[in-house]
Amino acid sequence: MASKPSIPKGTRDFNPQEVVKRNYIFDVMRKAFKRYGFQPIETPSFENSETLMGKYGEEGDRLIFKILNSGDYLKKVSDEELAAKDSAAITSKISEKALRYDLTVPFARYVVQHQNEITFPFKRYQIQPVWRADRPQKGRFREFYQCDADVVGSKSLWQEVELVQLYDSVFTNLRLRNTVIKMNNRKILSGIAEVIGEEDKLIDFTVALDKLDKIGVEKVKDEMRAKGISEAAIEKLGPLFNVSGSALEKLNSLKSLLASSETGMKGISELEFILNTIDEIQLKTAQLEIDVTLARGLNYYTGAIFEVGAPAEVSMGSIGGGGRYDDLTGIFGLKDMSGVGISFGLDRIYLVLEELGLFPETVLESTRALFVNFGNKEAMYAMRTINALREEGIAVDLYPDETKMGKQMGYADKRGIPFVILAGESEMQSRTYTLKNMKTGEQQTLDIDQLVSELK
RNA sequence: GUGGUUGUAGCUCAGCUGGUUAGAGCGCUGGAUUGUGGUUCCAGAGGUCGCCGGUUCGAAACCGGUCUUCCACCCCA
């Protein structure tokens with residue numbers, strides 16, 4: 001006997017209700033992307049390994065799903081290598097392709113490859129699944145969707161301003177209020193590292209700093225010490241841990257800390273511009289905050305760093321992130337092409353909307369009305385009407401079998417179909433229809449025109 | 001990748017320190033109700049207790065492995 005079928009860890013099936021709700025989110029995003037002037041592209045679900053490997057740090061390489069070569073994949077591996085059991089060395093010989101890990105790197109590859117066809121600045125959006133060989137948790141899957149909007153070929157900070165507005169617009173349209181858009185700037189982080197004389201430990205330093213709100217000042221300092229950052233340097237960070245107040249106040253205290261760093265001051269002025277501009281324009285529902293400890297994200301960010309947190313009442317990691325990367329296409333041989341982009345985590349946004357009950361009731365309605373089947377003669381009468389209604393763009397259906405009415409009504413009820421139409425012998429004679437509202441139980445007798453306007 | 005946790009009917013879960021034929025609620029099927037669903041009543045179907053192995057006279061329960069779930073770390077959407 002075959003054992004019960006199953007799906008791989010961290011993957012999911014979606015039932016009709018779930019797909020409909022996911023599509024609702026996709027629609028909101030797609031419309032917003034379009035309204036902001038982004039154009040859609042798609043890239044393959046798998047890339048050449050060399051395109052992906054090494055782009056996300058050591059941790060990232062581990063999380064990339066590798067695809068085994070076809071055919072005799074051990075052919076290129078020598079007996080010595082096999083005996084040594086050196087997985088890392090063997091991997092590159094038995095696997096030349098890998099599943100997409102995010103949408104940004106494939107996009108960079110796309111830009112370089114199609115640079116002569118693209119008109120810059122190029123604004124593209126991309127909604128596709130990505131895969132990570134991570135250990136699943138709540139809101140963390142091995143297959144999930146990212147929805148990215150990026151602009152390449154412009155260094156203007158107006159892009160950052162627009163992306164903040166795009167976040168605000170999407171979350172507002174999803175009725176998700178009080179999202180927090182946290183912003184930082186990589187130049188500020190570099191500036192701090194410079195000021196404390198630990199430039200070469202930038203990554204270790206930022207990773208530790210990023211944990212501040214989670215583990216507290218002392219543990220952050222411990223981690224910095226563990227990574228070899230000097231006591232004197234940690235001492236100089238003192239003011240950083242006490243940065244508080246409004247966004248502009250935070251910027252001011254940073255200014256005194258970073259006065260001696262040209263890079264740091266550049267980061268501050270960038271942040272200041274974005275902040276002031278947004279302040280002028282105003283956001284609808286999101287809050288824009290400065291978070292100097294925000295350092296997550298990939299090592300390729302060079303300017304702005306974004307992260308969006310869900311409203312405080314739901315416990316969920318970030319539901320979006322992004323930033324500016326001045327040199328991403330450089331990896332693929334195209335210099336001086338600055339890009340900035342943001343990403344939405346569809347699956348996490350879904351969980352948040354579900355938890356807060358924010359899906360509109362109407363998204364679940366699939367079929368508007370169901371015709372009861374009274375037999376072939378009546379079904380023929382119904383089918384002509386069904387065709388007419390479908391021409392009008394109304395989703396209607398005929399119950400396929402001639403069974404007891406109770407069963408047919410029960411079917412409509414369970415499927416959440418709001419109307420049932422009875423068209424039996426008496427209705428046929430008077431060329432009418434009995435329309436039953438399943439919510440109120442009310443029934444009325446209508447002719448075809450009335451039926452159409454009632455269902456529209 | 002490290003540490004922990006979970007798995008019993010379609011779903012949510014009981015099942016005491018191992019002891020006959022494994023239970024409940026909801027759901028499902030049929031009937032009460034041959035042109036009226038959601039309520040009520042009656043009847044019924046459905047489980048190799050995640051999987052493999054071990055301990056035992058006897059395992060859903062104890063042990064080991066494995067898969068899965070969720071959680072923390074790492075990292076991230």
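Every chain is numbered from 1 and lettered A, B, ... according to where its sequence line falls, protein lines coming before strand lines.
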Enquirer: Give one of base, sugar-phosphate or nothing for V420(A), where a contact means two heavy atoms less than 4.0 Å apart.
Expert: nothing

Enquirer: Verify whether one side chain among T172(A) and T285(A) offers a donor that lies under 3.5 Å from an acceptor in the other.
Expert: yes

Enquirer: Can you tell me, in whole Å, how much space there is between the P of C70(B) and that of U12(B)?
Expert: 12 Å

Enquirer: Separation of I64(A) atom CD1 from C74(B) atom C1', in whole Å?
Expert: 16 Å

Enquirer: Can we call the ring centroids of Y125(A) and F38(A) under 6.0 Å apart?
Expert: no

Enquirer: Rounded to whole angstroms, how far apart are CG on N437(A) and P on G38(B)?
Expert: 16 Å

Enquirer: Charged N to carboxylate O below 4.0 Å: is that the case for D347(A) and R140(A)?
Expert: no

Enquirer: Between G10(B) and C73(B), how far is it from one C1' atom to the other, in whole Å?
Expert: 36 Å

Enquirer: For residues 137-145 of chain A, which residues have at least one heavy atom under 4.0 Å from RNA chain B?
Expert: Q137(A), K138(A), G139(A), R140(A), F141(A), F144(A)

Enquirer: Under 4.0 Å from OP1 or OP2 of C75(B): is there any side-chain N or O of K211(A) that close?
Expert: yes

Enquirer: Under a plain distance cut-off of 3.5 Å, with no hydrogens placed, do T179(A) and Y167(A) share a side-chain donor-acceptor pair?
Expert: no

Enquirer: Rounded to the Å, how far apart are E59(A) CD and C73(B) C1'?
Expert: 11 Å

Enquirer: Ignoring hydrogens and geometry beyond distance, is the side chain of Q408(A) in donor-acceptor contact with the base of U36(B) at under 3.5 Å?
Expert: no

Enquirer: Look at K21(A) together with E354(A) and state whether they make a salt bridge at an N to O cut-off of under 4.0 Å.
Expert: yes

Enquirer: Measuring only the P atom in each nucleotide, how far is A77(B) from G18(B)? A whole number of Å is fine.
Expert: 48 Å

Enquirer: Expressed in whole Å, how much space separates the C1' atoms belonging to C42(B) and C57(B)?
Expert: 44 Å

Enquirer: Using a 4.0 Å heavy-atom cut-off, does L422(A) contact any base of the nucleic acid, only the sugar-phosphate backbone, or nothing at all?
Expert: base

Enquirer: Round to the nearest Å and state the distance from E58(A) atom CD to C75(B) atom C1'.
Expert: 12 Å

Enquirer: Among E427(A), Q443(A), Q444(A), which residue meets the side chain to side chain donor-acceptor pair (under 3.5 Å) test with T434(A)?
Expert: E427(A)

Enquirer: Using Watson-Crick or G-U wobble geometry with both distances under 3.5 Å, which nucleotide pairs with U2(B)?
Expert: A72(B)

Enquirer: Taking N or O atoms only and anything under 3.5 Å, show me the protein contacts with nucleotides 28-30 of chain B, one pair per line.
Expert:
unit_1 : atom_1 : unit_2  : atom_2 : d
C28(B) : OP1    : K414(A) : NZ     : 3.1

Enquirer: In Watson-Crick or G-U wobble terms, both distances under 3.5 Å, what is the partner of C62(B)?
Expert: G54(B)

Enquirer: Starting at the 5' end of RNA chain B and moving along, which residue's nearest nucleotide shows up first, D134(A) or K439(A)?
Expert: K439(A)

Enquirer: When the C1' atoms of C11(B) and U21(B) are compared, how many Å lie between them, rounded to an integer?
Expert: 26 Å

Enquirer: Counting heavy atoms from C-beta on, name the nucleotide in G37(B), A77(B), C75(B) closest to the side chain of D413(A).
Expert: G37(B)

Enquirer: Under the ring pair (Phe, Tyr, Trp, His ring centres under 6.0 Å) test against Y101(A), which residue among W131(A), Y56(A), F46(A) passes?
Expert: Y56(A)

Enquirer: Please determine, for the side chain of R62(A), which listed nucleotide (A77(B), G1(B), C75(B)) has the closest atom?
Expert: G1(B)

Enquirer: Mapping E425(A) and G320(A) onto RNA chain B by nearest heavy atom, which one lands closer to the 5' end?
Expert: E425(A)

Enquirer: Can a salt bridge be assigned to the pair K123(A) and E162(A) using a cut-off of 4.0 Å between side-chain N and carboxylate O?
Expert: yes

Enquirer: At less than 3.5 Å, do the side-chain atoms of R135(A) and the base atoms of U69(B) form a donor-acceptor pair?
Expert: no

Enquirer: For atom P, what is the distance between G38(B) and U20(B), given to the nearest Å?
Expert: 40 Å

Enquirer: Within the 3.5 Å criterion, strictly below it, is a donor on D150(A) or Y325(A) matched to an acceptor on the partner's side chain?
Expert: yes

Enquirer: If you only use heavy atoms from C-beta on, which nucleotide in U36(B), G35(B), A77(B) is closest to the side chain of R348(A)?
Expert: A77(B)

Enquirer: Using both distances under 3.5 Å as the test, list the Watson-Crick or G-U wobble partner of U29(B), or none.
Expert: A43(B)

Enquirer: Using a strict threshold of under 4.0 Å (side-chain N to carboxylate O), is an ion pair present between R62(A) and D134(A)?
Expert: no

Enquirer: With sugar-phosphate meaning primed atoms plus P, OP1 and OP2, does G10(A) contact a base, only sugar-phosphate, or nothing at under 4.0 Å between heavy atoms?
Expert: sugar-phosphate

Enquirer: Tell me the interatomic distance from M405(A), atom CE, to U34(B), atom P, rounded to whole angstroms.
Expert: 12 Å

Enquirer: On a whole-Å scale, what distance lies between the P atoms belonging to U34(B) and G30(B)?
Expert: 13 Å

Enquirer: Under 4.0 angstrom, heavy atoms only, what part of the nucleic acid is G441(A) near: base, sugar-phosphate, or nothing?
Expert: base

Enquirer: Is a donor on one side and an acceptor on the other found under 3.5 Å between the side chain of S190(A) and the backbone of R186(A)?
Expert: yes

Enquirer: For E427(A), which contact category applies under a 4.0 Å heavy-atom criterion: base, sugar-phosphate, or nothing?
Expert: base

Enquirer: Mind checking the P distance from G25(B) to A14(B)? Whole angstroms is fine.
Expert: 16 Å

Enquirer: Nearest whole Å is fine: how far is A72(B) C1' from I215(A) CD1?
Expert: 14 Å

Enquirer: Would you say K9(A) places a side-chain N or O within less than 4.0 Å of OP1 or OP2 belonging to U68(B)?
Expert: yes

Enquirer: Nearest whole angstrom, please: distance from the C1' of U33(B) to the CE of M409(A).
Expert: 13 Å

Enquirer: Atom CD of Q126(A) to atom C1' of A77(B): distance rounded to whole Å?
Expert: 15 Å

Enquirer: Here's a test for you: under salt bridge (charged side-chain N to carboxylate O under 4.0 Å, His left out), which of K97(A), R109(A), R100(A), K66(A) qualifies with E47(A)?
Expert: R109(A)

